[in-house]
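Scope of the values below: all heavy atoms of this structure, side chains included, with no hydrogens, waters or symmetry mates. Just so it is clear, the model here is predicted, and its values are computed rather than measured. In this chain, residues are counted from 1 in sequence order.
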Amino acid sequence: MLKKYIVWVEVILLAIALLAAYMFGCHVTGQAARADKNTAVIAQKDADLIEQRRQIKQTQDNAALAQAEAVANATAHQKTTIEYRTITQQVTKYVATHPDVAACTLDDDGLRIWREANAGRSSTAGSSQP
């Protein structure tokens with residue numbers, strides 16, 4: 001009968017050992033799963049941070065481009081205003097010196113002023129003051 005108890009004790013100890021091994025396996029697997037999840041969360045946060053930095057850089061580039069465009073537009077507007085004033089001055093002087101403007105003909109100077117104005121340039125734009 002003592003052998004029966006020893007066998008039962010051995011079976012119980014074996015069951016406890018198997019249960020302990022199973023629990024240890026679950027514990028290790030759970031740690032690995034948590035580590036994998038943490039790694040995935042960190043990778044996602046890194047990807048989000050990279051995307052935010054890219055968007056900030058894009059916004060900064062767009063702002064710099066808009067500023068450069070605004071400066072170019074302002075410069076072009078200023079140049080156009082100066083050329084317009086210069087052409088207006090030239091036409092005023094031409095009309096004052098050529099009283100026969102009502103004849104709708106242009107002499108060489110009038111034709112030169114007209115061509116330069118339509119070409120978007122003025123030969124005296126740099127020499128006259130607006």
Side-chain angles (χ1 to χ4, degrees):
M1 183 110 164
L2 187 56
K3 282 191 172 193
K4 264 186 174 179
Y5 291 119
I6 292 177
V7 171
W8 279 107
V9 168
E10 288 175 351
V11 169
I12 291 174
L13 287 176
L14 182 61
I16 290 173
L18 287 174
L19 182 62
Y22 175 76
M23 295 297 285
F24 179 74
C26 287
H27 176 70
V28 169
T29 304
Q31 282 182 336
R34 282 189 296 278
D36 289 345
K37 182 181 176 186
N38 290 342
T39 301
V41 167
I42 289 171
Q44 182 61 41
K45 286 184 179 182
D46 287 345
D48 291 345
L49 184 61
I50 289 169
E51 178 62 21
Q52 286 176 348
R53 287 181 181 166
R54 188 195 63 76
Q55 288 176 353
I56 290 170
K57 175 81 168 109
Q58 183 68 33
T59 302
Q60 290 172 342
D61 290 346
N62 289 345
L65 183 62
Q67 183 178 10
E69 208 170 284
V71 168
N73 287 342
T75 303
H77 178 70
Q78 183 179 14
K79 181 180 176 199
T80 302
T81 302
I82 290 171
E83 287 180 2
Y84 175 76
R85 287 180 186 165
T86 302
I87 291 169
T88 302
Q89 289 172 354
Q90 287 179 349
V91 169
T92 303
K93 288 178 189 176
Y94 179 80
V95 169
T97 59
H98 297 82
D100 60 341
V101 173
C104 292
T105 60
L106 292 176
D107 62 356
D108 291 340
D109 280 339
L111 187 59
R112 179 187 52 79
I113 292 170
W114 182 83
R115 282 183 182 164
E116 288 175 355
N118 286 319
R121 64 183 189 278
S122 175
S123 63
T124 58
S127 64
S128 66
Q129 297 294 327

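- Using modelled atom types, one finds a donor on one side chain and an acceptor on the other under 3.5 Å when comparing D48 with Q44.
- To the nearest 0.5 Å, atoms CD1 (I50) and NZ (K45) are separated by 14.5 Å.
- Annotation: side-chain hydrogen bond (donor to acceptor under 3.5 Å, both in side chains) contacts of D36 (sequence neighbours excluded): none.
- Taking Ile, Leu, Val, Met, Phe, Trp and Tyr as members and joining any whose side-chain heavy atoms lie under 4.5 Å apart, directly or through other members, L49 forms no hydrophobic cluster with any other residue.
- Applying the salt bridge (Lys or Arg N to Asp or Glu O under 4.0 Å) test to E51 and every residue at least two apart in sequence or in another chain returns R54.
- Note on residues 57-67: pairs passing side-chain hydrogen bond (donor to acceptor under 3.5 Å, both in side chains), not counting sequence neighbours, are K57-D61, Q58-N62.
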Would you give me the side-chain donor-acceptor pairs under 3.5 Å for residues 9-29, sequence neighbours excluded?
residue: H27; atom: NE2; partner: Q31; partner atom: NE2; Å: 3.2
residue: T29; atom: OG1; partner: G25; partner atom: O; Å: 2.7

